[in-house]
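Below, chain A is the first sequence line, B the second, and so on; all start at residue 1. Please read all numbers here as calculations on a predicted model, not as lab measurements.
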There are 2 protein chains.
Amino acid sequence: MRTLKYAILGLLNQKKMTGYDLMKQFESALCEFWSAKHSQIYPELKKLTEEGCVAYRQEASDNGLEKKLYHITEKGRTDFMSWLSSETPAQPTPKDISRLKIFFCSCLPKEERKFMLEEQVYRHTARLKHLQNNQQKFSQVPDSDSNEFGDYLVLMGAIMREEMMIEWLKKSISLLN
Amino acid sequence: MRTLKYAILGLLNQKKMTGYDLMKQFESALCEFWSAKHSQIYPELKKLTEEGCVAYRQEASDNGLEKKLYHITEKGRTDFMSWLSSETPAQPTPKDISRLKIFFCSCLPKEERKFMLEEQVYRHTARLKHLQNNQQKFSQVPDSDSNEFGDYLVLMGAIMREEMMIEWLKKSISLLN
DNA sequence: ATTTGCATGTAATCTGTTACATGATTCA
DNA sequence: TGAATCATGTAACAGATTACATGCAAAT
């Protein structure tokens, strides 16, 4: 389905970047719903260059080192926009090890069941706090035409996801016995 | 991480099954948080047999066809229990194409933005109804020592996930403009 | 002097999907 | 007679992670 292709094109559509910059974007802005290591990004950029979806200019970075500054081409923009407008196919299951373990929790001795669920509550609470902290950087809701609008929506979605997880886990704990 | 191994062991720990039965379980009971096709299940069963985690007896099925009825071994049970008790490593991002598209939604013309989000609301509403229907099969909360307890918890979790998604999408729509 | 960050790549491996392949039985 | 279900497998490919590999600059 080439999703990585479109994630990269979408980012390069916002601004010119190096492979390294893209990697940083996956670690920060996209981390709540997509990920990619540099070992996947660099080969994909090579492929996209061959396809004519991106191009680069060799530049010297601040320090004087070599770097490749990538930008999106017309073909790249066309491909990206048609992907964005296309219907999203029914998502395959989001695989979730925690839920798998909870599914099998009746195999565990009673004390451990509660312990397992509480450990998860702790994790998600920490994550929620971190996300709420990020949200404070927005003094108001960004305009829906700006690039930050997407950031705002997915951050809101991530917060709601964590809140839901905590609520579910606590409800589950209350059902033990 | 061999998660498929433990999913299969967990199911075989509940009862003896054929590869085909396991496939059906992935399609029904586990479908909200794990998936596996038969082309992955059969080779994994072969590997688990070699490892000594499972064993099988060749049997004739109802109709007279050959089938392999798998059961878990002591080693398999030990492996499964130690996996279940171990700490779950920090989950890698659950990849989500819908969220990725929403992240880039400011690239779309205004009318299409709303359309995209509403299409998602429709999808998740249908899914929610289906799950709520399944929940009605439980006349009460199963005992936390029974196998159905896990079913009940993950179904509840899936319902809450869909409710959260709908709420998030509607909130997002209200923020357009 | 050593670690961290910038910067780029390849190789080996693992995980998962789609397609190929077969064959009997049951139901419409 | 043809489609659906039961039943089992392999091969090719796609997607993603871990490890291998290099090198300069800046900060500690």
Side-chain angles (χ1 to χ4, degrees), chain A residues 1-9 16-28 30-31 33-51 54 56-70 83 89-97 100, chain B residues 1-8 12 16-28 30-31 33-51 54 56-70 83 89-97 100:
Chain A
M1 280 172 58
R2 305 287 312 274
T3 310
L4 180 61
K5 164 178 172 173
Y6 300 107
I8 289 175
L9 289 180
K16 291 181 228 173
M17 270 184 261
T18 66
Y20 192 82
D21 295 330
L22 283 165
M23 182 189 77
K24 289 288 160 192
Q25 285 294 303
F26 278 103
E27 282 171 8
S28 55
L30 308 201
C31 73
F33 49 92
W34 209 264
S35 64
K37 307 286 171 71
H38 76 278
S39 55
Q40 210 186 349
I41 294 168
Y42 288 115
E44 186 65 34
L45 282 170
K46 200 179 171 184
K47 200 173 172 185
L48 289 173
T49 307
E50 287 159 11
E51 282 182 72
V54 305
Y56 64 89
R57 261 172 296 168
Q58 194 90 238
E59 298 218 344
S61 55
D62 305 334
N63 30 47
L65 282 170
E66 289 280 276
K67 66 175 184 180
K68 291 177 179 174
L69 196 61
Y70 285 90
W83 169 78
Q91 289 270 102
T93 327
K95 302 205 169 180
D96 187 331
I97 299 178
L100 184 62
Chain B
M1 280 171 59
R2 304 287 312 274
T3 310
L4 180 61
K5 164 178 171 172
Y6 300 107
I8 289 175
L12 290 179
K16 291 183 231 174
M17 271 184 258
T18 66
Y20 192 81
D21 295 331
L22 283 165
M23 184 189 76
K24 289 288 161 193
Q25 285 295 302
F26 279 103
E27 282 171 8
S28 54
L30 307 201
C31 74
F33 50 92
W34 209 265
S35 63
K37 307 285 172 74
H38 77 278
S39 55
Q40 208 186 352
I41 293 168
Y42 288 115
E44 187 65 34
L45 281 170
K46 199 178 172 186
K47 200 173 172 185
L48 289 173
T49 307
E50 286 159 13
E51 282 181 73
V54 304
Y56 65 88
R57 261 172 297 169
Q58 195 90 239
E59 297 218 345
S61 55
D62 305 337
N63 30 47
L65 282 171
E66 289 280 275
K67 66 176 184 179
K68 291 177 179 174
L69 196 62
Y70 284 91
W83 169 78
Q91 290 268 103
T93 326
K95 303 205 169 181
D96 187 332
I97 299 178
L100 184 62

In whole angstrom, give the distance that lies between atom [atom1] of [X] and atom [atom2] of [N].
X	N	atom1	atom2	result
A:E59	C:dT8	CD	P	11 Å
B:L45	D:dT10	CG	C1'	15 Å
B:Y56	D:dA7	OH	P	16 Å
A:I97	C:dT15	CD1	P	11 Å
A:R57	C:dA7	CZ	C1'	19 Å
B:E27	D:dA4	CD	P	15 Å
A:Q58	C:dC6	CD	P	19 Å
B:I41	D:dT8	CD1	C1'	12 Å

As an exercise, state the distance from [atom1] of [X] to [atom2] of [Y], rounded to the nearest 0.5 Å.
X	Y	atom1	atom2	result
A:T3	B:I97	OG1	CD1	4.0 Å
A:L22	A:E44	CG	CD	11.0 Å
B:E27	B:Q25	CD	CD	10.0 Å
B:M17	B:I41	CE	CD1	10.5 Å

Go through the steps to decide whether A:K37 and A:M23 satisfy the test side-chain contact (heavy atoms from CB on, under 4.5 Å), and finish with yes or no.
-> CA-CA 7 Å; A:K37 307 286 171 71; A:M23 182 189 77; over 6 Å; no

Closest approach of [X] and [Y], non-hydrogen atoms and distance?
X	Y	result
A:T93	B:C31	CG2-O, 3.0 Å
B:S35	A:K95	O-NZ, 3.0 Å
B:A36	B:L4	CB-CD1, 3.7 Å
A:W34	A:F26	CD1-CE2, 3.8 Å
B:L100	A:A7	CD2-CB, 4.1 Å
A:K67	A:A60	CE-O, 4.4 Å

Within residues 18-26 of chain A, the residues having a heavy atom closer than 4.0 Å to DNA chain C are A:T18, A:G19, A:Y20, A:K24

Protein-to-nucleotide contact annotation, 5' to 3' order, nucleotides 15-21 of chain D [B base; S sugar-phosphate only; - none; under 4.0 Å, heavy atom] = SSBBB--

Summary of protein contacts for nucleotides 23-28 of chain D, nucleotide by nucleotide, where a base hit scores B, a sugar-phosphate-only hit scores S (4.0 Å, heavy atoms) | BBS---

For the helix from C:dA1-D:dT28 to C:dA28-D:dT1, measure the angle between the helix axis at one end and the axis at the other, each built from five pairs, rounding to 10°.
-> 30°

Most 5' of A:E66 and A:K46 on DNA chain C, judged by nearest nucleotide = A:E66

Give a yes/no answer on whether the side chain of B:K68 brings an N or O atom under 4.0 Å of OP1 or OP2 in D:dG9.
-> yes

Does OP1 or OP2 of C:dA24 have a side-chain N or O of B:K67 closer than 4.0 Å?
-> no

Residues at least two apart in sequence or cross-chain that pass side chain to side chain contact (heavy atoms under 4.5 Å, CB included) with A:Q58, listed by chain then number, are A:Y56, A:E66, A:K68

Counterpart residues, side chain to side chain contact (heavy atoms under 4.5 Å, CB included), relative to B:E51 (two or more places apart) | B:R2, B:K5, B:K47, B:L48, B:C53

Heavy-atom check, side chain of A:Y70 versus side chain of A:I8, under 4.5 Å = no

